[in-house]
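Got a structure for you, questions after.
Quick caveat: nothing in here was measured; it's all calculated off a predicted structure. Within every chain, numbering begins at 1; the chains are lettered A, B, ... in the order of the sequence lines, protein sequences first and strands thereafter.
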Number of protein chains: 2
Amino acid sequence: MPIEMMIRKLRQHSELPDADIGALRSIVAPVKNLSADAPIVREGDVSTQCCVILSGFAYRSKVSEDGKRQILSFHIAGDMPDLHGLVLKRMDHDLATLSKAQIGLIDHEQLERTLNTRPALARALWRESLLDAALFRQWIVNLGTRSASGRMAYLIAELRQRLGAMGMVANEQFEFPITQSKLADALGLSVVHVNRVLQAFRTEGILDLKRQVVTLGDFEKIAQLGGFDSVEDNSSGA
Amino acid sequence: MPIEMMIRKLRQHSELPDADIGALRSIVAPVKNLSADAPIVREGDVSTQCCVILSGFAYRSKVSEDGKRQILSFHIAGDMPDLHGLVLKRMDHDLATLSKAQIGLIDHEQLERTLNTRPALARALWRESLLDAALFRQWIVNLGTRSASGRMAYLIAELRQRLGAMGMVANEQFEFPITQSKLADALGLSVVHVNRVLQAFRTEGILDLKRQVVTLGDFEKIAQLGGFDSVEDNSSGA
DNA sequence: CGTGCGTTTGAAGTCTCTCAAACCCCGTGG
DNA sequence: CCACGGGGTTTGAGAGACTTCAAACGCACG
(Lines give C-alpha, C1' and ligand atoms only; values in the text may rest on other atoms or scores of the structure.)
Protein backbone atom coordinates (compact mmCIF):
# COMPACT_ATOMS: atom_id res chain seq x y z
CA MET A 1 0.00 0.00 0.00
CA PRO A 2 1.90 2.99 -1.24
CA ILE A 3 -0.20 5.28 0.90
CA GLU A 4 2.25 4.39 3.65
CA MET A 5 4.73 6.64 1.90
CA MET A 6 2.74 9.69 2.92
CA ILE A 7 2.50 8.51 6.51
CA ARG A 8 6.18 7.73 6.59
CA LYS A 9 7.16 11.18 5.50
CA LEU A 10 4.75 12.91 7.85
CA ARG A 11 6.03 10.89 10.79
CA GLN A 12 9.61 11.77 9.93
CA HIS A 13 8.81 15.41 10.49
CA SER A 14 6.14 15.42 13.16
CA GLU A 15 5.05 13.39 16.13
CA LEU A 16 1.47 12.41 15.40
CA PRO A 17 -1.14 10.41 17.34
CA ASP A 18 -2.25 7.23 15.58
CA ALA A 19 -5.78 8.56 15.55
CA ASP A 20 -4.71 11.52 13.42
CA ILE A 21 -2.93 9.26 11.01
CA GLY A 22 -5.98 7.05 10.81
CA ALA A 23 -8.24 10.00 10.16
CA LEU A 24 -5.99 11.24 7.42
CA ARG A 25 -5.69 7.82 5.88
CA SER A 26 -9.44 7.43 5.81
CA ILE A 27 -10.01 10.51 3.68
CA VAL A 28 -7.44 9.77 1.00
CA ALA A 29 -9.48 8.83 -2.01
CA PRO A 30 -8.64 5.71 -3.97
CA VAL A 31 -5.48 5.90 -5.95
CA LYS A 32 -5.46 7.41 -9.40
CA ASN A 33 -3.01 6.21 -12.02
CA LEU A 34 -1.47 8.81 -14.26
CA SER A 35 0.72 8.46 -17.30
CA ALA A 36 3.95 10.35 -17.81
CA ASP A 37 3.68 14.09 -18.51
CA ALA A 38 0.11 14.30 -17.36
CA PRO A 39 -1.02 17.59 -15.87
CA ILE A 40 -2.39 17.37 -12.34
CA VAL A 41 -3.37 20.98 -11.74
CA ARG A 42 -2.68 24.13 -13.71
CA GLU A 43 -1.83 27.69 -12.80
CA GLY A 44 -5.02 29.59 -12.22
CA ASP A 45 -7.03 26.56 -11.14
CA VAL A 46 -9.00 26.88 -7.97
CA SER A 47 -8.39 23.67 -6.12
CA THR A 48 -10.99 21.70 -4.25
CA GLN A 49 -8.70 18.82 -3.44
CA CYS A 50 -5.02 18.19 -3.00
CA CYS A 51 -2.88 15.23 -3.88
CA VAL A 52 -0.31 12.93 -2.37
CA ILE A 53 2.24 11.26 -4.57
CA LEU A 54 2.19 7.56 -3.84
CA SER A 55 4.62 6.45 -6.49
CA GLY A 56 6.44 8.02 -9.40
CA PHE A 57 7.64 11.56 -9.86
CA ALA A 58 6.04 14.97 -10.36
CA TYR A 59 7.23 18.51 -10.85
CA ARG A 60 5.95 22.03 -10.39
CA SER A 61 6.58 24.71 -12.96
CA LYS A 62 5.70 28.22 -13.93
CA VAL A 63 6.04 29.94 -17.25
CA SER A 64 7.26 33.51 -17.31
CA GLU A 65 5.74 36.15 -19.56
CA ASP A 66 8.48 35.69 -22.13
CA GLY A 67 7.42 32.09 -22.50
CA LYS A 68 10.27 30.38 -20.70
CA ARG A 69 9.34 27.63 -18.34
CA GLN A 70 10.95 27.38 -14.93
CA ILE A 71 10.70 24.13 -13.04
CA LEU A 72 10.38 24.96 -9.36
CA SER A 73 10.75 21.57 -7.75
CA PHE A 74 10.60 17.85 -8.23
CA HIS A 75 8.43 15.63 -6.12
CA ILE A 76 8.61 12.03 -5.04
CA ALA A 77 6.51 9.50 -3.19
CA GLY A 78 5.20 10.90 0.06
CA ASP A 79 5.11 14.53 -1.09
CA MET A 80 2.00 16.67 -1.11
CA PRO A 81 3.00 19.17 -3.75
CA ASP A 82 -0.22 21.17 -3.85
CA LEU A 83 -1.00 21.23 -0.17
CA HIS A 84 -0.84 25.03 -0.18
CA GLY A 85 -3.96 24.96 -2.35
CA LEU A 86 -5.91 24.06 0.77
CA VAL A 87 -5.33 27.54 2.13
CA LEU A 88 -4.55 29.65 -0.93
CA LYS A 89 -7.01 27.97 -3.29
CA ARG A 90 -5.82 29.57 -6.49
CA MET A 91 -2.80 27.76 -7.94
CA ASP A 92 0.09 30.02 -8.85
CA HIS A 93 1.89 27.35 -10.88
CA ASP A 94 1.44 24.07 -12.73
CA LEU A 95 1.85 20.61 -11.32
CA ALA A 96 2.40 17.62 -13.59
CA THR A 97 3.77 14.10 -13.55
CA LEU A 98 7.29 13.42 -14.71
CA SER A 99 6.79 9.70 -15.02
CA LYS A 100 3.91 7.31 -14.65
CA ALA A 101 2.63 7.95 -11.17
CA GLN A 102 0.03 6.99 -8.64
CA ILE A 103 -1.53 9.77 -6.65
CA GLY A 104 -4.03 9.87 -3.83
CA LEU A 105 -6.56 12.67 -3.69
CA ILE A 106 -7.81 14.41 -0.59
CA ASP A 107 -10.92 16.49 -0.73
CA HIS A 108 -10.40 19.93 0.79
CA GLU A 109 -13.70 20.01 2.64
CA GLN A 110 -13.08 16.67 4.25
CA LEU A 111 -9.57 17.66 5.12
CA GLU A 112 -10.78 20.92 6.66
CA ARG A 113 -13.25 19.02 8.81
CA THR A 114 -10.53 16.66 9.92
CA LEU A 115 -8.11 19.43 10.76
CA ASN A 116 -10.72 21.28 12.79
CA THR A 117 -10.70 18.56 15.40
CA ARG A 118 -7.05 17.59 15.07
CA PRO A 119 -4.72 20.48 15.80
CA ALA A 120 -1.62 18.29 15.77
CA LEU A 121 -2.39 17.21 12.25
CA ALA A 122 -3.02 20.79 11.19
CA ARG A 123 0.30 21.71 12.65
CA ALA A 124 2.02 18.84 10.88
CA LEU A 125 0.67 20.01 7.55
CA TRP A 126 1.72 23.57 8.27
CA ARG A 127 5.15 22.16 8.96
CA GLU A 128 5.17 20.29 5.67
CA SER A 129 4.42 23.48 3.80
CA LEU A 130 7.22 25.26 5.64
CA LEU A 131 9.68 22.54 4.73
CA ASP A 132 8.56 22.98 1.17
CA ALA A 133 9.38 26.68 1.45
CA ALA A 134 12.79 25.86 2.92
CA LEU A 135 13.54 23.80 -0.16
CA PHE A 136 12.60 26.76 -2.33
CA ARG A 137 15.01 28.95 -0.40
CA GLN A 138 17.82 26.53 -1.01
CA TRP A 139 16.88 26.44 -4.64
CA ILE A 140 17.17 30.23 -4.79
CA VAL A 141 20.66 29.96 -3.36
CA ASN A 142 21.43 27.31 -5.93
CA LEU A 143 20.29 29.42 -8.87
CA GLY A 144 21.75 32.63 -7.54
CA THR A 145 25.20 31.57 -6.48
CA ARG A 146 26.34 28.48 -8.34
CA SER A 147 27.76 27.67 -11.76
CA ALA A 148 26.09 25.23 -14.12
CA SER A 149 27.88 22.18 -12.75
CA GLY A 150 27.35 23.33 -9.19
CA ARG A 151 23.62 23.65 -9.79
CA MET A 152 23.41 20.23 -11.35
CA ALA A 153 25.39 18.67 -8.54
CA TYR A 154 23.18 20.32 -5.97
CA LEU A 155 20.04 19.05 -7.63
CA ILE A 156 21.32 15.50 -7.65
CA ALA A 157 22.50 15.73 -4.07
CA GLU A 158 19.19 17.09 -2.86
CA LEU A 159 17.31 14.42 -4.73
CA ARG A 160 19.50 11.69 -3.37
CA GLN A 161 18.89 12.95 0.12
CA ARG A 162 15.12 13.06 -0.26
CA LEU A 163 14.89 9.74 -2.06
CA GLY A 164 17.22 8.22 0.48
CA ALA A 165 14.92 9.31 3.30
CA MET A 166 12.14 7.38 1.60
CA GLY A 167 14.30 4.32 1.08
CA MET A 168 14.49 4.79 -2.65
CA VAL A 169 18.24 4.83 -3.14
CA ALA A 170 20.09 1.54 -3.45
CA ASN A 171 23.71 1.07 -4.36
CA GLU A 172 24.16 4.76 -5.00
CA GLN A 173 21.60 4.47 -7.75
CA PHE A 174 18.13 5.89 -8.07
CA GLU A 175 15.45 6.41 -10.66
CA PHE A 176 15.03 9.87 -12.08
CA PRO A 177 12.94 9.82 -15.22
CA ILE A 178 13.87 13.18 -16.64
CA THR A 179 14.91 14.69 -19.95
CA GLN A 180 17.79 17.07 -20.40
CA SER A 181 15.40 19.71 -21.57
CA LYS A 182 13.52 19.56 -18.27
CA LEU A 183 16.78 19.66 -16.38
CA ALA A 184 17.57 22.79 -18.33
CA ASP A 185 14.28 24.35 -17.29
CA ALA A 186 14.91 23.50 -13.68
CA LEU A 187 18.47 24.78 -13.57
CA GLY A 188 17.97 27.88 -15.68
CA LEU A 189 20.38 26.62 -18.34
CA SER A 190 20.17 25.71 -22.00
CA VAL A 191 19.70 22.11 -23.08
CA VAL A 192 23.04 22.16 -24.84
CA HIS A 193 24.86 23.22 -21.73
CA VAL A 194 23.09 20.69 -19.56
CA ASN A 195 24.26 18.05 -21.97
CA ARG A 196 27.84 19.23 -21.67
CA VAL A 197 27.78 19.33 -17.90
CA LEU A 198 26.37 15.82 -17.83
CA GLN A 199 29.05 14.59 -20.16
CA ALA A 200 31.76 16.12 -18.07
CA PHE A 201 30.35 14.41 -14.98
CA ARG A 202 30.21 11.16 -16.88
CA THR A 203 33.76 11.20 -18.16
CA GLU A 204 35.05 12.20 -14.74
CA GLY A 205 33.14 9.27 -13.36
CA ILE A 206 31.35 11.22 -10.71
CA LEU A 207 27.81 10.73 -12.02
CA ASP A 208 25.98 8.98 -14.77
CA LEU A 209 22.44 9.76 -15.84
CA LYS A 210 21.21 7.28 -18.36
CA ARG A 211 17.92 5.66 -19.15
CA GLN A 212 16.15 7.47 -16.36
CA VAL A 213 18.57 6.20 -13.78
CA VAL A 214 21.16 8.20 -11.86
CA THR A 215 24.30 6.38 -10.82
CA LEU A 216 26.48 8.19 -8.34
CA GLY A 217 30.13 7.51 -9.00
CA ASP A 218 31.53 9.85 -6.38
CA PHE A 219 28.96 11.33 -4.06
CA GLU A 220 31.55 13.18 -2.00
CA LYS A 221 32.52 15.09 -5.09
CA ILE A 222 28.92 15.86 -5.98
CA ALA A 223 28.12 17.14 -2.52
CA GLN A 224 31.21 19.28 -2.67
CA LEU A 225 30.51 20.67 -6.14
CA GLY A 226 26.94 21.41 -5.17
CA GLY A 227 27.92 22.87 -1.82
CA PHE A 228 25.46 20.46 -0.38
CA ASP A 229 25.24 20.26 3.34
CA SER A 230 23.84 16.84 4.10
CA VAL A 231 23.28 17.83 7.69
CA GLU A 232 20.43 20.14 6.74
CA ASP A 233 18.02 18.79 9.29
CA ASN A 234 14.93 20.84 9.83
CA SER A 235 12.80 17.94 10.84
CA SER A 236 11.28 17.34 14.21
CA GLY A 237 11.10 20.50 16.26
CA ALA A 238 9.08 21.72 19.25
CA MET B 1 1.14 53.16 16.22
CA PRO B 2 3.09 51.25 13.66
CA ILE B 3 1.75 47.98 14.97
CA GLU B 4 -1.26 48.70 12.81
CA MET B 5 0.90 47.79 9.85
CA MET B 6 0.86 44.15 10.89
CA ILE B 7 -2.90 44.17 11.35
CA ARG B 8 -3.39 45.88 8.05
CA LYS B 9 -1.46 43.26 6.16
CA LEU B 10 -3.10 40.36 7.96
CA ARG B 11 -6.54 41.76 7.23
CA GLN B 12 -5.71 42.17 3.57
CA HIS B 13 -5.19 38.44 3.31
CA SER B 14 -7.61 36.96 5.81
CA GLU B 15 -10.93 37.70 7.37
CA LEU B 16 -10.32 37.83 11.11
CA PRO B 17 -12.57 38.41 14.11
CA ASP B 18 -11.70 41.52 16.10
CA ALA B 19 -11.10 39.34 19.13
CA ASP B 20 -8.31 37.50 17.31
CA ILE B 21 -6.71 40.75 16.28
CA GLY B 22 -6.94 42.01 19.84
CA ALA B 23 -5.38 38.84 21.21
CA LEU B 24 -2.54 39.09 18.76
CA ARG B 25 -2.02 42.75 19.47
CA SER B 26 -1.84 42.09 23.17
CA ILE B 27 1.09 39.70 22.90
CA VAL B 28 3.30 41.83 20.70
CA ALA B 29 6.05 43.00 22.99
CA PRO B 30 7.03 46.64 23.08
CA VAL B 31 8.81 47.89 20.05
CA LYS B 32 12.53 47.44 19.68
CA ASN B 33 14.58 49.94 17.71
CA LEU B 34 17.35 48.58 15.55
CA SER B 35 20.05 50.35 13.59
CA ALA B 36 20.87 49.62 9.98
CA ASP B 37 22.59 46.31 9.22
CA ALA B 38 21.72 44.82 12.56
CA PRO B 39 21.28 41.07 12.70
CA ILE B 40 17.89 39.91 14.00
CA VAL B 41 18.38 36.16 13.92
CA ARG B 42 21.07 34.01 12.43
CA GLU B 43 21.14 30.70 10.61
CA GLY B 44 21.28 27.92 13.13
CA ASP B 45 19.53 29.86 15.88
CA VAL B 46 16.69 28.14 17.61
CA SER B 47 14.00 30.76 17.88
CA THR B 48 11.82 31.34 20.89
CA GLN B 49 10.13 34.39 19.47
CA CYS B 50 9.31 35.85 16.12
CA CYS B 51 9.23 39.41 14.88
CA VAL B 52 7.00 41.81 13.03
CA ILE B 53 8.50 44.65 11.09
CA LEU B 54 6.79 47.83 12.14
CA SER B 55 8.90 50.27 10.18
CA GLY B 56 12.02 50.12 8.06
CA PHE B 57 13.36 47.30 5.93
CA ALA B 58 14.86 43.88 6.54
CA TYR B 59 16.23 41.08 4.41
CA ARG B 60 16.83 37.38 4.65
CA SER B 61 19.99 35.79 3.36
CA LYS B 62 21.92 32.58 3.26
CA VAL B 63 25.56 32.01 2.51
CA SER B 64 26.51 29.07 0.35
CA GLU B 65 29.48 26.86 1.13
CA ASP B 66 31.67 28.72 -1.31
CA GLY B 67 31.13 31.87 0.70
CA LYS B 68 28.76 33.73 -1.60
CA ARG B 69 25.80 35.35 0.01
CA GLN B 70 22.37 35.06 -1.53
CA ILE B 71 19.68 37.46 -0.44
CA LEU B 72 16.39 35.59 -0.43
CA SER B 73 13.89 38.36 0.11
CA PHE B 74 13.34 41.89 1.30
CA HIS B 75 10.82 42.74 3.97
CA ILE B 76 8.81 45.80 4.77
CA ALA B 77 6.45 47.05 7.45
CA GLY B 78 3.79 44.49 8.23
CA ASP B 79 5.89 41.46 7.35
CA MET B 80 6.67 38.64 9.75
CA PRO B 81 9.85 37.35 8.16
CA ASP B 82 10.68 34.65 10.69
CA LEU B 83 7.20 33.36 11.33
CA HIS B 84 8.24 29.94 10.13
CA GLY B 85 10.49 29.73 13.19
CA LEU B 86 7.35 29.15 15.25
CA VAL B 87 6.97 25.73 13.69
CA LEU B 88 10.43 24.86 12.42
CA LYS B 89 12.38 26.38 15.30
CA ARG B 90 15.82 26.12 13.79
CA MET B 91 16.53 29.01 11.42
CA ASP B 92 17.87 27.98 8.03
CA HIS B 93 18.98 31.49 7.10
CA ASP B 94 19.89 34.91 8.47
CA LEU B 95 17.56 37.81 9.02
CA ALA B 96 18.89 41.35 9.37
CA THR B 97 17.82 44.95 9.03
CA LEU B 98 18.54 46.85 5.86
CA SER B 99 17.84 50.23 7.37
CA LYS B 100 17.00 51.55 10.79
CA ALA B 101 13.91 49.64 11.78
CA GLN B 102 11.37 49.11 14.49
CA ILE B 103 10.31 45.58 15.17
CA GLY B 104 7.78 44.02 17.49
CA LEU B 105 8.54 40.72 19.13
CA ILE B 106 6.13 37.90 19.79
CA ASP B 107 7.02 35.17 22.20
CA HIS B 108 6.47 31.72 20.71
CA GLU B 109 4.91 30.24 23.81
CA GLN B 110 2.43 33.03 24.11
CA LEU B 111 1.65 32.83 20.44
CA GLU B 112 1.13 29.08 20.67
CA ARG B 113 -1.31 29.54 23.52
CA THR B 114 -3.18 32.16 21.54
CA LEU B 115 -3.35 30.02 18.42
CA ASN B 116 -4.65 27.04 20.39
CA THR B 117 -7.90 28.81 21.04
CA ARG B 118 -8.06 30.81 17.82
CA PRO B 119 -8.11 28.58 14.78
CA ALA B 120 -8.87 31.46 12.41
CA LEU B 121 -5.73 33.22 13.52
CA ALA B 122 -3.69 30.07 13.15
CA ARG B 123 -5.04 29.70 9.67
CA ALA B 124 -4.24 33.31 8.87
CA LEU B 125 -0.64 32.80 9.91
CA TRP B 126 -0.41 29.61 7.90
CA ARG B 127 -1.67 31.65 4.99
CA GLU B 128 0.98 34.29 5.53
CA SER B 129 3.69 31.69 5.42
CA LEU B 130 2.26 30.30 2.20
CA LEU B 131 2.24 33.73 0.61
CA ASP B 132 5.85 34.00 1.63
CA ALA B 133 6.55 30.74 -0.18
CA ALA B 134 4.70 32.01 -3.27
CA LEU B 135 7.06 34.97 -3.35
CA PHE B 136 10.01 32.60 -3.22
CA ARG B 137 8.62 30.70 -6.17
CA GLN B 138 8.38 33.85 -8.19
CA TRP B 139 11.89 34.69 -7.19
CA ILE B 140 13.06 31.33 -8.52
CA VAL B 141 11.40 32.13 -11.83
CA ASN B 142 13.09 35.48 -11.77
CA LEU B 143 16.56 34.05 -11.21
CA GLY B 144 16.08 31.12 -13.52
CA THR B 145 14.57 32.75 -16.56
CA ARG B 146 15.44 36.42 -16.76
CA SER B 147 18.42 38.52 -17.84
CA ALA B 148 20.11 40.96 -15.50
CA SER B 149 17.87 43.87 -16.39
CA GLY B 150 14.79 41.68 -16.27
CA ARG B 151 15.66 40.54 -12.77
CA MET B 152 16.26 44.05 -11.58
CA ALA B 153 13.02 45.25 -13.11
CA TYR B 154 11.13 42.42 -11.52
CA LEU B 155 12.55 43.19 -8.10
CA ILE B 156 11.54 46.81 -8.35
CA ALA B 157 8.09 45.93 -9.62
CA GLU B 158 7.49 43.44 -6.85
CA LEU B 159 8.67 45.90 -4.25
CA ARG B 160 6.48 48.63 -5.63
CA GLN B 161 3.52 46.34 -5.47
CA ARG B 162 4.12 45.31 -1.88
CA LEU B 163 4.97 48.80 -0.69
CA GLY B 164 1.97 50.13 -2.56
CA ALA B 165 -0.31 47.74 -0.72
CA MET B 166 0.96 49.23 2.53
CA GLY B 167 0.49 52.77 1.32
CA MET B 168 4.19 53.43 1.07
CA VAL B 169 4.46 54.55 -2.53
CA ALA B 170 3.76 58.16 -3.38
CA ASN B 171 4.30 59.83 -6.71
CA GLU B 172 5.90 56.75 -8.14
CA GLN B 173 8.60 57.09 -5.54
CA PHE B 174 9.50 54.92 -2.60
CA GLU B 175 12.27 54.44 -0.11
CA PHE B 176 14.61 51.51 -0.64
CA PRO B 177 17.73 51.83 1.46
CA ILE B 178 19.97 49.40 -0.36
CA THR B 179 23.49 49.23 -1.70
CA GLN B 180 24.42 47.94 -5.11
CA SER B 181 26.40 45.19 -3.53
CA LYS B 182 23.30 43.90 -1.76
CA LEU B 183 21.32 44.17 -4.96
CA ALA B 184 24.00 42.04 -6.55
CA ASP B 185 23.62 39.42 -3.83
CA ALA B 186 19.87 39.37 -4.28
CA LEU B 187 19.91 39.13 -8.05
CA GLY B 188 22.81 36.73 -8.39
CA LEU B 189 24.88 39.28 -10.31
CA SER B 190 28.18 41.06 -9.79
CA VAL B 191 28.25 44.54 -8.31
CA VAL B 192 29.76 45.91 -11.48
CA HIS B 193 26.97 44.58 -13.60
CA VAL B 194 24.29 45.81 -11.24
CA ASN B 195 25.81 49.23 -11.56
CA ARG B 196 25.64 49.05 -15.33
CA VAL B 197 22.06 47.89 -15.39
CA LEU B 198 21.13 50.71 -13.05
CA GLN B 199 22.87 53.24 -15.23
CA ALA B 200 21.12 51.97 -18.32
CA PHE B 201 17.77 52.31 -16.56
CA ARG B 202 18.70 55.80 -15.47
CA THR B 203 19.76 57.08 -18.85
CA GLU B 204 16.68 55.57 -20.45
CA GLY B 205 14.65 57.36 -17.85
CA ILE B 206 12.75 54.34 -16.72
CA LEU B 207 14.04 54.18 -13.17
CA ASP B 208 16.33 56.07 -10.84
CA LEU B 209 17.76 54.68 -7.63
CA LYS B 210 19.59 57.34 -5.70
CA ARG B 211 20.08 58.15 -2.06
CA GLN B 212 18.00 55.22 -0.95
CA VAL B 213 15.04 56.32 -2.99
CA VAL B 214 13.60 54.65 -6.06
CA THR B 215 11.91 56.90 -8.60
CA LEU B 216 9.90 55.15 -11.25
CA GLY B 217 10.14 56.94 -14.55
CA ASP B 218 8.19 54.45 -16.60
CA PHE B 219 6.52 51.75 -14.62
CA GLU B 220 4.89 50.19 -17.65
CA LYS B 221 8.33 49.55 -19.05
CA ILE B 222 9.58 48.11 -15.79
CA ALA B 223 6.65 45.75 -15.46
CA GLN B 224 7.20 44.67 -19.02
CA LEU B 225 10.96 44.15 -18.66
CA GLY B 226 10.44 42.24 -15.44
CA GLY B 227 7.57 40.21 -16.86
CA PHE B 228 5.65 41.37 -13.87
CA ASP B 229 2.04 40.47 -13.68
CA SER B 230 0.48 43.04 -11.40
CA VAL B 231 -2.69 40.99 -11.23
CA GLU B 232 -1.01 38.34 -9.07
CA ASP B 233 -3.66 38.25 -6.42
CA ASN B 234 -3.48 35.35 -4.04
CA SER B 235 -5.09 37.16 -1.20
CA SER B 236 -8.40 36.38 0.38
CA GLY B 237 -9.53 32.86 -0.34
CA ALA B 238 -11.89 30.34 1.26
C1' DC C 1 40.26 66.83 6.51
C1' DG C 2 41.23 62.28 6.20
C1' DT C 3 39.25 57.51 5.93
C1' DG C 4 36.34 54.23 4.09
C1' DC C 5 32.44 52.38 2.03
C1' DG C 6 29.90 52.65 -2.03
C1' DT C 7 29.81 53.82 -6.86
C1' DT C 8 31.70 54.24 -11.36
C1' DT C 9 34.76 53.19 -15.34
C1' DG C 10 37.74 50.37 -18.46
C1' DA C 11 39.41 46.25 -20.41
C1' DA C 12 40.09 41.46 -20.77
C1' DG C 13 38.35 36.99 -19.97
C1' DT C 14 34.88 33.14 -19.56
C1' DC C 15 30.88 30.85 -19.01
C1' DT C 16 26.86 29.91 -21.12
C1' DC C 17 23.79 30.72 -25.09
C1' DT C 18 22.12 30.37 -29.80
C1' DC C 19 22.06 28.37 -34.12
C1' DA C 20 22.40 24.48 -36.87
C1' DA C 21 22.93 19.94 -37.98
C1' DA C 22 23.79 15.05 -37.12
C1' DC C 23 22.83 11.16 -34.52
C1' DC C 24 20.51 7.69 -31.77
C1' DC C 25 17.16 5.15 -29.81
C1' DC C 26 12.66 3.30 -29.83
C1' DG C 27 8.01 2.69 -30.91
C1' DT C 28 4.79 2.57 -34.92
C1' DG C 29 3.09 1.01 -39.03
C1' DG C 30 3.59 -1.08 -43.31
C1' DC D 1 11.14 -7.45 -40.15
C1' DC D 2 12.42 -3.28 -41.85
C1' DA D 3 11.47 1.52 -42.95
C1' DC D 4 9.89 5.64 -41.00
C1' DG D 5 9.19 9.29 -37.76
C1' DG D 6 10.17 11.90 -33.87
C1' DG D 7 11.66 13.11 -29.40
C1' DG D 8 15.84 13.24 -27.07
C1' DT D 9 20.91 13.62 -27.18
C1' DT D 10 25.21 15.02 -28.99
C1' DT D 11 28.58 17.95 -31.55
C1' DG D 12 30.66 22.22 -33.50
C1' DA D 13 31.31 26.97 -33.95
C1' DG D 14 30.40 31.69 -33.23
C1' DA D 15 28.21 35.24 -30.37
C1' DG D 16 26.91 37.53 -26.20
C1' DA D 17 25.98 38.42 -21.45
C1' DC D 18 28.11 38.76 -17.41
C1' DT D 19 32.42 38.33 -14.54
C1' DT D 20 36.82 39.50 -12.76
C1' DC D 21 40.47 42.51 -11.91
C1' DA D 22 42.04 46.99 -11.12
C1' DA D 23 41.82 51.58 -10.28
C1' DA D 24 39.63 56.13 -9.73
C1' DC D 25 36.12 58.77 -7.83
C1' DG D 26 32.59 60.67 -4.62
C1' DC D 27 30.43 61.40 -0.58
C1' DA D 28 29.38 60.95 4.24
C1' DC D 29 31.06 60.62 8.87
C1' DG D 30 34.17 60.91 12.55
Side-chain angles (χ1 to χ4, degrees), chain A residues 35-38 57 59 64 66-71 96-100 142-155 176-204 207-214 225, chain B residues 35-38 57 59 64 66-71 96 98-100 142-155 176-204 207-214 225-226:
Chain A
S35 60
D37 285 306
F57 290 77
Y59 68 95
S64 61
D66 47 335
K68 282 190 224 162
R69 175 180 65 168
Q70 175 67 40
I71 292 184
T97 60
L98 199 57
S99 60
K100 272 193 281 192
N142 198 30
L143 291 180
T145 70
R146 285 194 257 274
S147 69
S149 49
R151 291 185 209 174
M152 178 72 77
Y154 179 86
L155 171 60
F176 187 31
I178 197 168
T179 65
Q180 294 185 2
S181 133
K182 276 172 188 148
L183 276 176
D185 286 349
L187 300 170
L189 300 169
S190 68
V191 195
V192 172
H193 203 60
V194 163
N195 181 278
R196 291 190 165 128
V197 169
L198 248 20
Q199 279 180 64
F201 281 3
R202 203 172 292 154
T203 62
E204 292 174 36
L207 180 160
D208 197 357
L209 170 43
K210 209 176 344 190
R211 268 174 235 291
Q212 333 246 292
V213 173
V214 173
L225 276 174
Chain B
S35 60
D37 285 305
F57 290 77
Y59 67 96
S64 61
D66 46 336
K68 284 191 222 159
R69 175 179 64 169
Q70 175 68 39
I71 292 183
L98 199 56
S99 61
K100 272 193 281 193
N142 198 30
L143 291 180
T145 71
R146 286 193 258 273
S147 67
S149 50
R151 291 185 209 173
M152 177 73 77
Y154 178 87
L155 170 61
F176 187 32
I178 197 167
T179 65
Q180 294 185 2
S181 133
K182 277 172 188 147
L183 276 176
D185 286 348
L187 300 170
L189 300 169
S190 67
V191 194
V192 172
H193 203 60
V194 163
N195 182 278
R196 292 189 165 127
V197 168
L198 248 20
Q199 279 181 64
F201 281 3
R202 203 173 290 154
T203 62
E204 292 174 37
L207 180 160
D208 197 357
L209 170 43
K210 210 177 342 190
R211 269 173 235 292
Q212 333 247 290
V213 173
V214 173
L225 276 174

NA contact type, A/Thr179, heavy-atom cut-off 4.0 Å: base, sugar-phosphate, or nothing? sugar-phosphate
Give the minimum heavy-atom separation between B/Leu183 and B/Leu155, together with the two atoms involved. CD2-CD2, 3.5 Å
What integer distance in Å separates A/Leu209:CG from D/dT9:C1'? 11 Å
Give a yes/no answer on whether the side chain of B/Asn195 brings an N or O atom under 4.0 Å of OP1 or OP2 in C/dT7. no
Heavy-atom nearest pair, B/Ala186 first then B/Gln70, reads O-NE2, 2.9 Å
B/Ala148 has a side chain; which of D/dT11, D/dC18, C/dT8 sits nearest to it? D/dC18
Is the backbone of A/Phe57 close enough, under 3.5 Å, to the side chain of A/Ser99 for a donor and an acceptor to pair up by distance? yes
Just N and O in the side chain of A/Gln180: are any of them under 4.0 Å from OP1 or OP2 of D/dG7? no
Between A/Arg211 and A/Ser147, just flag the one whose closest nucleotide in DNA chain C comes earlier from the 5' side. A/Ser147
Using whole Å, report how far CG of B/Leu187 lies from P of D/dA17. 18 Å
Show the nearest heavy-atom pair for residues B/Leu209 and B/Phe176, with the distance to one decimal. CD1-O, 4.2 Å
Using whole Å, report how far CG of A/Leu198 lies from P of D/dT11. 12 Å
Would the distance check show the side chain of A/Thr203 and the main-chain N or O of A/Ala200 forming a donor-acceptor pair, the cut-off being under 3.5 Å? yes
Check B/Thr145 against A/Ser64 and note the closest heavy-atom contact, atom names and distance. OG1-OG, 3.5 Å
Side chain of B/Val192 (C-beta onward), nearest among D/dA22, D/dT9, C/dA20: D/dA22
Gap between atoms CG and C1', on B/Asp185 and D/dT19 respectively (whole Å): 14 Å
Nearest-nucleotide check on DNA chain C, B/Ile178 vs B/Arg196; residue mapping nearer the 5' end is B/Ile178
Starting at CZ of B/Arg146 and ending at C1' of C/dC17, how long is that distance when rounded to a whole Å? 18 Å
Which part of the nucleic acid, if any, lies within reach of A/Gly188 when heavy atoms closer than 4.0 Å are counted: base, sugar-phosphate only, or nothing? sugar-phosphate
Can you tell me how far P of C/dT14 sits from NE2 of B/His193, to the nearest Å? 18 Å
Does B/Arg151 reach the main-chain N or O of B/Arg146 with its side chain, forming a donor-acceptor pair under 3.5 Å? yes
Give me the bend of the helix from C/dC1-D/dG30 to C/dG30-D/dC1, using the axes of the five pairs at each end, rounded to 10°. 40°
Look at all strands and tell whether B/Leu189 reaches a base, only sugar-phosphate, or nothing, counting heavy atoms closer than 4.0 Å. sugar-phosphate
Grab the CD-P distance between A/Gln212 and D/dG7 for me, whole Å please. 16 Å
Short question: side chain of A/Thr97, backbone of A/Asp37 - any donor-acceptor pair under 3.5 Å? yes
Has A/Arg202 got a side-chain N or O lying under 4.0 Å from the OP1 or OP2 atom of D/dT10? yes
Could you tell me the separation between the CG atom of A/Leu183 and the C1' atom of C/dT16, rounded to a whole number of Å? 16 Å
